[in-house]
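Just so it is clear, the structure is predicted and the values come from calculations on it, not from any experiment. Below, chains carry the letters A, B, ... as their sequence lines are ordered, and counting in each starts from 1.
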Amino acid sequence: MSLKAVSARPIIVPPELPANISASSAGVTGSVLSASDLTLEAVSEILAQATLLEREDPIQRAQRLAKRRIALLFYESSTRTRTSFELAAKGLGADTTLVSSLSSSIEKGETLKDTGLTLRALGAEAIILRHPSSGSPWLLERETQLPVLNAGDGMHEHPSQALLDLRTILAHLRPGIEAVTAETLAGVTVAITGDILHSRVARSNMTLLPKLGARVILCGPRELLPEIAAQTGPGVEIERDFTRALQQSQVVMMLRIQAERLAGLQLDLEEYKAGYQLTEERLAKHAPKALVMHPGPIIRGLELTGEVADGPQSLILEQVRHGVAIRMALVQRALTAQVRKGAGA
Amino acid sequence: MSTVLIRGGHLIDPAAGVDAPRDIVLKDGRVAEVAEPGKTSLGKAKASSDLQIIDAKGLTIAPGLVDIHVHLREPGQGHKETIATGTTAAAAGGFTSVAAMPNTVPTNDSPEITRWMQAPERGASVRVFPIGAATRALKGEVLNDYAALKAAGVVAVTDDGHPILKDSIMREVLINATRSGLSVIQHAEDTRLTGGCSMNAGPMAFRLGLRGMPPEAEYGLVERDIRLVTELSMNGKGDKNGHRPHLHVAHTSTAQAVAAVRQARRNGLRVTCEVAPHHFLLTEEHVGAYDTNAKMNPPLRSAADRDAMIQGILDGVVDAIATDHAPHAAHEKEVEFERAPNGITGLESALGLSLRWLHHEWKLPIGRVLSLLSAQPAALLGLKGRGTLTVGSFADVMVFDPKQEWTFHAKDSRSKSKNTPFDGWTMQGRVHWTISEGRVVYKAEAL
Ligand SMILES: [Zn+2]
């Protein structure tokens, strides 16, 4: 064929190729690796369990997972998430063991696979993993075949955070509702503002909330919010102007500026504050009724002011409280799913 | 050396323009005769101690395949692959010639290593053509001695795995390689744009929280290289001896890079390119749940890029299908996606994938597919007497059933490593015999 003949480009429709992989695996029952793994039924069940466990008599609750073993494998320090999961597991009576980045095996360069296999051999029945590499929970699950709860992986996801955020939103906007549907959050707009690029909280929330009918507006400067983010799923859009984002939203989620990840980015913090900091003034003027959320830890005076963090619209500490309830439900689900599987085998 | 008679088969030799029933006689490592059925000088001879007869009834006979881009990992990384295991896998895939990349340990930047790779002690099943490092230790700074490398047997120079970034160095590389009559193969990746990246920049990378390599990192460098070739080609006249530089773009993966090569060709430049099966079949979606067997460099791109690879193959701007066979041990791939090494194996699946998709689905004539896998790559590296079965050429032959469907299982691979995204895929075109310079180096089991 001559080169001239190709100017009219024929349309190529690639035939169906074998799909030997899927974007959300969750091969092991009870694992939660990504918000995309969660069906509406699973979300409803987790929300209902969280309420039940929260209300249960602590002595009785502590019988539920008595002497069951859970490993917390934390390659990054995270006081909030680690303590929350630990209290959740202990509240159900489980024995927990913490392996942190200061542990010698990790320091000595043992692979994630081998550390996981060792924990399993030591009797761990589920692993809660926080890791700086995106996707590490898939690796751990595949190699150990244990239920894995993703407590934050790289820049990827933090699904338990999205669930606790959801519980917080529902408590205020849809009180009493636990069995969620694709319309539960119809008409609700959530603005997620700040360092979206590096945020696992943003990725989990922008995956979970649209499943319930919410509209998610991502807001931030180009350096922290690439255009491509709007193409990642339905119900997600980009609004660069913070004022316009605020005006449309019933919920405003502010994200921490992850200074440690900004290396190489040309970001002027003063300019950022001028454009995107949530101040009392902005809130009062553009979103006087909106719920203000933040996954923490907060940096007062950067992404939001101290007055807003402590103000009447702030749900920051309430989020923390919901976190323990949600994580109790997740830990219980991880271990009981395993029992079901074992019993069936 | 014994004589081999292959009879009863159908010969497809695109370079010779043959597509007809033919018997072939191989003698002393060369093709001695090609004749109509029953018309060779051996007539109805019977097999004997010095005559081996291959019954190719119902099968197709073709020139052995030529892969111009493989990593055999020797010297230095025998736990991934050795020249012996890699060429055994090549033979199983129908390949009789492979060009071995120089990013070994140590780098192949000296005649000693080039000769070591070709020594009989390596136990190669098929012919290995070493490609020399363009610069010392692949650092892109000091040029190696191309004349000495060529005398030792290298067929091209490249820093594959690394780009030659500096304009001035790339210019020198092109000038010196041209003077020595060698092609320059560029791994086109502007590493200033890809630091810390582990897949294609796109919606999938954003969703997975991975840093993405932008397409311009590839095509930007291709365009730079073409500018240099344009300058050095002096309007197609070449240097004072009439030599024109030959730039070959390795593992092309972006639509814009193919477009740049197409334009360069229209402008009369000697610019060629290759595409790997994974780049004309898979997209970034195949990274799926952080599958490290879908991690390679260049990465799997968008559907539009993938379509452009198919289009480039169909319209002829792509010169060769090359596997970029890059074996890695299981434990090296069983790590976090961002930490996993780049690369997949490819020697045993290239023919089956090409026939299944390019020929069967996209209707590229089988002769064109075979040409992309043999005659054209052989011509590209100037491998005389390879990629064709005319009388006098090397007796490099593949006998296969182009219609036979089969399932590829990574665990059965002859390669020392099993890192392939095509495990369990249905292939079309089963190799029955591979003959390298007159020796049967592969025979399918259970025939
Ligand atoms: Zn390369």
Side-chain angles (χ1 to χ4, degrees), chain A residues 1-7 9-15 17-27 33-34 36 75 111-114 131-143 153-157 196-200 202-203 206-207 226-233 263-264, chain B residues 195-196 198-199 201-212 262-263 265-266 280-283 285-294 303-304 306-312 314-317 330-340 356-357 360-362 368 421-426:
Chain A
M1 200 187 289
S2 81
L3 283 173
K4 278 196 184 102
V6 303
S7 50
R9 186 180 185 281
I11 297 161
I12 294 166
V13 183
L17 288 164
N20 49 357
I21 35 190
S22 76
S24 60
S25 82
L33 308 187
S34 158
S36 59
Y75 284 75
T111 64
L112 179 58
K113 172 183 171 173
D114 286 327
H131 196 281
S133 264
S134 300
S136 48
W138 276 261
L139 172 68
L140 188 66
E141 187 199 61
R142 194 169 60 239
E143 300 299 341
D153 62 323
M155 316 195 305
H156 178 234
E157 281 211 43
I196 314 271
L197 177 63
H198 300 109
S199 174
R200 38 202 177 202
R203 280 182 185 74
M206 63 197 271
T207 304
E227 271 318 307
I228 209 95
Q231 287 178 40
T232 51
Chain B
S198 52
M199 68 175 295
M204 187 75 179
F206 183 84
R207 199 157 73 217
L208 293 178
L210 296 169
R211 290 174 203 275
R262 185 178 282 118
Q263 190 55 49
R265 293 264 272 276
R266 281 183 185 148
F280 69 69
L281 287 175
L282 308 180
T283 68
E285 296 286 329
H286 283 82
V287 170
Y290 302 91
D291 183 357
T292 56
N293 284 331
R306 189 260 313 269
D307 290 356
M309 296 310 112
I310 299 167
Q311 179 59 33
L314 298 183
D315 71 29
V317 73
H331 73 268
E332 295 168 316
K333 281 282 196 179
E334 283 168 355
V335 296
E336 296 86 332
F337 191 86
E338 288 163 298
R339 288 179 57 192
R356 170 78 181 83
W357 299 98
H360 185 77
E361 294 289 341
W362 296 310
R368 292 270 313 278
F422 298 114
D423 190 19
W425 281 46
T426 301

message: Working note: A/K113 + B/H331, criterion side-chain contact (heavy atoms from CB on, under 4.5 Å); need CA distance, chi angles, decisive distance, verdict.
response: CA-CA 9 Å; A/K113 172 183 171 173; B/H331 73 268; over 6 Å; no
- prompt: Is B/E334 close to A/R142 at the side-chain level, that is, under 4.5 Å between some pair of heavy atoms?
  reply: no
- prompt: Under the ring pair (Phe, Tyr, Trp, His ring centres under 6.0 Å) test, which residues partner A/H156, sequence neighbours left out?
  reply: A/W138, B/Y290
message: Show the nearest heavy-atom pair for residues A/I228 and B/F206, with the distance to one decimal.
response: CG2-CB, 3.7 Å
- line: Taking every heavy atom of B/V335 against every heavy atom of A/L139, the minimum-distance pair comes out as C-CD2, 3.4 Å
field: Closest non-hydrogen atom pair between A/S134 and B/E338, with its separation
entry: N-OE1, 3.3 Å
- prompt: Where do A/S136 and B/E336 come nearest, in terms of heavy atoms and distance?
  reply: CB-CG, 4.1 Å
- request: Find the distance between CE (B/M204) and CD (A/Q231) and round it off to the nearest 0.5 Å.
  value: 13.5 Å
query: A/E227 versus chain B, heavy atoms under 4.5 Å apart: side chain, backbone, both or neither?
result: neither
